[in-house]
Amino acid sequence: MVPRSWRKIKYRYDLRGSYCENCGNYHYPPRNFCPTCRRRGKVIETLFPEEGRVVSYTVVREKEPYIVALIELDNGARVLSQVCCDPSEMKIGMRVRKAFRRYGEDNEDGIIHYGTKFVPVN
Amino acid sequence: MRRVAVVGVGQSKFGELWDKGFRDIVLEAGREALEDADLEGKEIEAIFVGNMSGGRYLGQEHIAALIADYAGLAEFGIPATRVEAADASGGLAVRQAYMAVASGMHDIVIAAGAEKVTDVGDPMEILSASVDIEWERFVGGNLPALYAIIARLHMETFGTTEEDLALISVKNHRNGALNPKAQFQRVIRVEDVLNSPYVAEPLKLLDCASVSDGAAAVILASEDVAREITDTPVFIEACTQASDYLALQSRKDILTMNSVVKAARESYKIAGVEPKDIQVAEIHDSFTIAEVLAYEDLGFAEKGEGAELIREGVTEIGGKIPVNPSGGLKACGHAVGATGVRQIVELTLQLRGEAGKRQVEAEKGLALNIGGTGATAVVSVLGR
């Protein structure tokens with residue numbers, strides 16, 4: 001898991017996606033190939049807006065429940081992420097903002113996985 | 001393209017088969033299919049196997065050669081091929097076998113699906129490897145969570161309720177109670193579903209199919225050969241496969257499975273039928289919401305109106321389009337790579353009139369097998 005996590009750090013710590021200069025579409029996660037233009041596409045990596053709205057969500061009832069939401073960022077790209085708040089605060093359509101949070105660790109001596117989560121915008 | 005018929009079907013019991021190994025259940029299904037077709041075994045020219053994750057469920061790869069070997073076919077050296085598309089692997093195996101016969105390459109082939117999930121590891125976690133591991137699973141989006149996200153939006157957008165979803169589970173359990181090969185042969189009530197604990201809100205334990213052990217096999221033959229073997233051939237009139245974006249976040253609309261729409265449209269066109277002509281269907285209800293979406297994406301109902309079919313009893317045995325008379329994934333158990341083949345076994349029995357207590361009146365049947373959250377869909381139309 002370590003090499004895979006290591007090479008993804010750039011994308012996990014920032015909201016970084018791709019933009020196709022040919023068709024103007026944004027994609028998350030970043031792609032090497034634009035699904036609209038394919039070979040004609042001109043894909044560059046770019047930072048994405050840090051705010052968006054909740055399209056839908058679920059509360060996963062594991063030992064420590066957590067919220068997973070599909071979020072539409074302000075550039076139209078969609079991101080699956082966790083939302084940090086009380087489940088009772090969650091509503092479809094609510095505004096959320098990117099935050100840097102801990103996702104977990106491999107084991108006691110393993111690496112800690114950090115990444116992007118979202119918090120409600122008040 | 002030649003017409004292709006199902007000439008033999010077999011299935012192991014589905015469930016937690018602690019006293020049986022992978023080889024035992026595959027051979028049980030294969031032997032039953034051979035007996036059903038009244039073949040000796042050496043007539044088989046090729047094997048296609050649907051298996052999602054022998055490597056993680058068993059630590060065993062090279063599954064197709066293993067099966068050919070233990071089926072007593074190693075002496076003949078026939079080609080044995082494993083195909084994988086998560087829990088649509090079985091549907092793929094049927095389609096590969098169908099293409100092998102339709103093309104004229106082979107006359108008699110066997111398509112098997114098998115999974116032994118209870119030996120090692122966490123079955124649902126391994127099934128969740130069907131989603132995007134780096135961009136969905138990493139943030140906690142396992143399979144139940146992703147279907148729950150779809151369910152919540154369907155409820156918000158179209159007014160589908162948790163009770164509607166519960167009705168799907170209740171129907172499939174009622175049917176499963178009539179199927180001696182089903183894992184759960186007992187009737188449940190709507191309150192049982194509603195009172196079961198949440199797995200991922202709004203989906204509860206009894207909205208989710210259990211990941212189970214099981215195997216199924218079908219023997220396919222060209223029309224000429226089929227008519228020599230059997231008086232009751234059931235024809236595969238179409239078998240189509242389509243793909244979609246792997247992750248939900250890449251799809252413009254998560255309330256429609258484009259792969260299902262595309263595969264269904266193509267199947268209807270090839271078979272020369274419309275949704276209203278389908279009289280029985282086996283649908284991939286890995287989660288209850290998936291059956292509601294399928295009603296819509298297969299054209300049985302308009303988008304957003306899927307729940308009305310279950311409320312009005314249209315998809316019950318005795319209704320206009322009975323769906324999952326076998327009990328579906330929910331009551332049969334979801335033996336991952338075996339499920340897509342089991343669906344063809346069920347349709348064949350139904351169309352022959354050999355489905356026992358769960359028999360419906362039908363001449364045309366449809367099967368829908370889905371991989372993960374819909375990045376793969378396989379649709380088959382069968383006719384007598």
pair B:E134-A:R12: side-chain heavy atoms closer than 4.5 Å = yes
Kindly indicate whether the side chain of A:Y103, heavy atoms from C-beta on, has any atom under 4.5 Å from the side chain of B:V139.
-> yes
Residues, nucleotides or ligands: over 12 heavy atoms within 6.0 Å of [X] [atom1]:
X	atom1	answer
A:R95	CZ	yes
B:E302	CD	no
B:K262	NZ	no
A:N32	CG	no
B:R311	CZ	yes

So, A:R31 versus B:S250: side-chain donor-acceptor pair below 3.5 Å or not?
-> yes
Under 3.5 Å: donor-acceptor pair, side chain of A:T58, backbone of B:A145 = no
[atom2] on [Y] to [atom1] on [X], rounded to 0.5 Å:
X	Y	atom1	atom2	result
A:H27	B:Y245	NE2	OH	6.0 Å
A:S56	B:I150	OG	CD1	9.0 Å
B:F138	A:S81	CZ	OG	9.5 Å
B:L203	A:R61	CG	CZ	12.0 Å
B:W135	A:Y28	CH2	OH	4.5 Å
B:R251	A:R78	CZ	CZ	11.5 Å

One option among B:G140, B:G141, B:A148 has the most heavy-atom pairs under 4.5 Å with chain A, and it is B:G140
May I have the step-by-step check of side-chain contact (heavy atoms from CB on, under 4.5 Å) for B:L146 and A:L80, ending in yes or no?
-> CA-CA 9 Å; B:L146 296 174; A:L80 191 79; 3.7 Å; yes
Proximity breakdown for B:E136 and chain A, heavy-atom pairs closer than 4.5 Å = both
In terms of heavy-atom proximity below 4.5 Å to chain A, should B:L205 be classed as side chain, backbone, both, or neither?
-> neither
Please report the closest heavy-atom contact between A:P29 and B:Q249, naming both atoms and the distance.
-> CD-NE2, 3.4 Å
Minimum-distance pair of heavy atoms, taken over all atoms of B:R152 and A:Y57 = NE-O, 3.0 Å
Contact part of A:K8 toward chain B, heavy-atom cut-off under 4.5 Å: side chain, backbone, both or neither?
-> side chain
